[in-house]
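Presented below is the structure to which this report refers.
Values below: every heavy atom of this structure, side chains too, minus hydrogens, waters and symmetry copies. So you know, we letter chains A, B, ... as the sequences are listed, proteins then strands, and number each from 1.
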There are 2 protein chains.
Amino acid sequence: MSIQTRRERERAERERLIVTAARELAEAEGWDAVTTRRLAAEIEYSQPVLYSHFKGKDAIMAAVAVQGFGDIAAELRAARTAAGGAREALAAVGEAYTAFARRRPALYDAMFTHTVDLPFATPEAPAALREAFGELLEAVRPIAADGDDPGLLTETYWAGLHGLVTLMRSGRLPAKAHERRLALLIGHFTAGAS
Amino acid sequence: MSIQTRRERERAERERLIVTAARELAEAEGWDAVTTRRLAAEIEYSQPVLYSHFKGKDAIMAAVAVQGFGDIAAELRAARTAAGGAREALAAVGEAYTAFARRRPALYDAMFTHTVDLPFATPEAPAALREAFGELLEAVRPIAADGDDPGLLTETYWAGLHGLVTLMRSGRLPAKAHERRLALLIGHFTAGAS
DNA sequence: AAAGAAAGGCTAGCGGTGCTAGAATTCGGA
DNA sequence: TCCGAATTCTAGCACCGCTAGCCTTTCTTT
């Protein structure tokens with residue numbers, strides 16, 4: 001049994017190596033630079049090894065995305081719990097979200113832009129993903145008006161944040177006034193709340 | 001001179017043919033199906049002909065996008081002018097925008113998702129693009145509070161709409177509750193307006 | 001009308017992509 | 001020590017965007 005477990009351990013380690021290499025390469029040079037050949041060279045194995053771990057390149061990106069959900073969940077939680085009132089918490093979470101997107105664009109793309117076959121708004125979604133959404137939800141819930149579904153309101157707020165960062169990163173919105181736009185979004189969502 | 005003008009006319013016609021073929025192919029089978037070989041076959045010329053009209057595939061997509069801006073501008077204007085009050089106009093424009101995105105996803109991607117080197121928030125932006133944004137602006141302006149920059153508010157509203165449609169189309173938001181999310185977004189933007 | 005010049009489109013090919021079949025190698029167990 | 005099984009690699013497929021250079025067609029000039 002010991003040999004078997006060692007093999008499995010080494011295999012898991014190599015899988016982590018692949019995901020880490022993909023993430024670092026993407027963050028350093030963008031996803032276009034992450035080719036299967038390049039990635040194979042990076043981990044010092046041949047290309048087909050990648051396919052014994054993942055179904056294809058998209059699956060590798062999905063694994064990177066899951067890592068990212070863990071990261072952003074932690075950052076959102078830190079921002080939320082450090083804030084004073086409900087208004088401040090919503091603003092802090094919004095700022096943390098857009099800051100994450102701007103600081104780690106490649107990771108953000110894997111998580112929210114690239115087509116990926118991860119289950120999202122279902123119970124089968126990865127734990128890290130549900131946790132990240134949960135942080136948004138906890139920040140939105142206190143400012144939800146009576147009769148508003150907090151989940152739907154969170155999705156709408158999330159869409160606003162997502163739209164801001166994607167339009168800005170593609171050059172369709174000038175980065176200059178980002179803070180003011182974000183303030184407008186937050187202001188309209190907190191209008192009439194305590 | 002007549003020969004020269006005939007040549008130019010034929011050349012312009014062929015250019016239109018390329019853009020139309022690209023748009024139709026993209027709308028029928030998605031942008032992945034739009035390869036230079038496929039496109040060349042569609043217009044019954046060889047590949048290099050494409051490059052005598054456009055710098056590359058991205059430039060063809062940009063040309064398709066510009067067509068799309070004209071389309072959406074017309075639809076937004078129709079929705080806005082048909083609406084009664086300011087609130088209704090904002091809602092109508094929002095609904096028209098998301099309906100356009102859902103009805104013509106490939107076109108929407110070329111316009112708002114795909115990386116493209118069109119100038120956006122500058123005076124050099126294509127006329128159709130500025131017109132489309134202008135329609136949004138005219139719908140938002142009446143509900144802007146004193147002290148709010150209408151342009152920035154429009155950009156923020158636009159980001160909300162864009163976030164909703166992109167997250168929904170990538171499967172990250174369930175399509176089911178789209179109308180309710182849209183209503184929430186519109187409601188928060190019209191809060192406190194006439 | 002014939003010859004030269006210019007313009008335009010085509011064939012063929014380059015270097016790259018994601019992915020895979022099948023050979024070669026390594027390694028544990030008898 | 002040898003065999004069988006698991007694993008890794010080499011080599012290659014079909015496709016991508018793009019381009020060099022030949023060849024045909026068309027216009028201009030003598």
Fill in the blank from the handout: E44(A) atom CD is separated from dC9(D) atom C1', nearest whole Å, by 15 Å
Completion exercise
So the salt bridge (charged side-chain N to carboxylate O under 4.0 Å, His left out) pairs with at least one residue in residues 28-37 of chain A (sequence neighbours excluded) are E29(A)-R38(A)
Practice task
Nearest whole angstrom, please: distance from the P of dT11(C) to the CG of L50(B).
Solution key: 14 Å
Practice task
Could you state the atom-to-atom distance from OH of Y45(B) to C1' of dT11(C) in whole Å?
Solution key: 17 Å
Handout entry: Side-chain heavy-atom pair W158(A), L153(A) within 4.5 angstrom cut-off
Key = no
Practice task
Using only heavy-atom distances, determine whether the side chains of Y97(B) and Y157(B) contain a donor-acceptor pair under 3.5 Å.
Solution key: no
Exercise for the section: Report the distance from atom CG of L17(B) to atom P of dG9(C), rounded to the nearest whole Å. Expected result: 13 Å
Problem - For D71(B), side-chain hydrogen bond (donor to acceptor under 3.5 Å, both in side chains) partners two or more places apart - result: R104(B)
Problem - Protein-to-nucleotide contact annotation, 5' to 3' order, nucleotides 12-25 of chain D [B base; S sugar-phosphate only; - none; under 4.0 Å, heavy atom] - result: B---BBBBB-----
Practice task
Please report how far the helix from dA1(C)-dT30(D) to dA30(C)-dT1(D) bends, comparing the axis fitted to its first five pairs with the axis fitted to its last five, to the nearest 10 degrees.
Solution key: 30°
Practice task
Answer with base, sugar-phosphate or nothing: what part of the nucleic acid does R14(A) contact at a heavy-atom distance below 4.0 Å?
Solution key: sugar-phosphate
Problem - Centroid separation F100(A) to F112(A) less than 6.0 Å - result: no
Exercise for the section: Grab the CD1-C1' distance between I43(A) and dT7(D) for me, whole Å please. Expected result: 14 Å
Handout entry: Flag, side chain of R130(B) to backbone of A125(B), donor-acceptor distance under 3.5 Å
Key = yes
Please list every donor-acceptor pair under 3.5 Å in which a side-chain atom of residues 72-80 of chain A meets a protein atom from a residue at least two apart or in another chain.
unit_1	atom_1	unit_2	atom_2	d
E75(A)	OE1	R103(A)	NH2	2.7
E75(A)	OE2	R103(A)	NH2	3.4
R77(A)	NE	E135(A)	OE2	3.0
R77(A)	NH2	E135(A)	OE2	3.1
R80(A)	NE	E135(A)	OE1	2.8
R80(A)	NH2	E135(A)	OE1	3.1

Problem - Charged N-O contact under 4.0 Å between E27(B) and R23(B) - result: yes
Practice task
Quickly work out the W31(A) CH2 to dT17(C) C1' distance and round it to whole Å.
Solution key: 16 Å
Practice task
Check the distance between dT8(D)'s C1' and R11(A)'s CZ and give it to me in whole angstrom.
Solution key: 12 Å
Fill in the blank from the handout: Sorted by chain and residue number, the side-chain hydrogen bond (donor to acceptor under 3.5 Å, both in side chains) partners of E44(A) (sequence neighbours excluded) come out as none
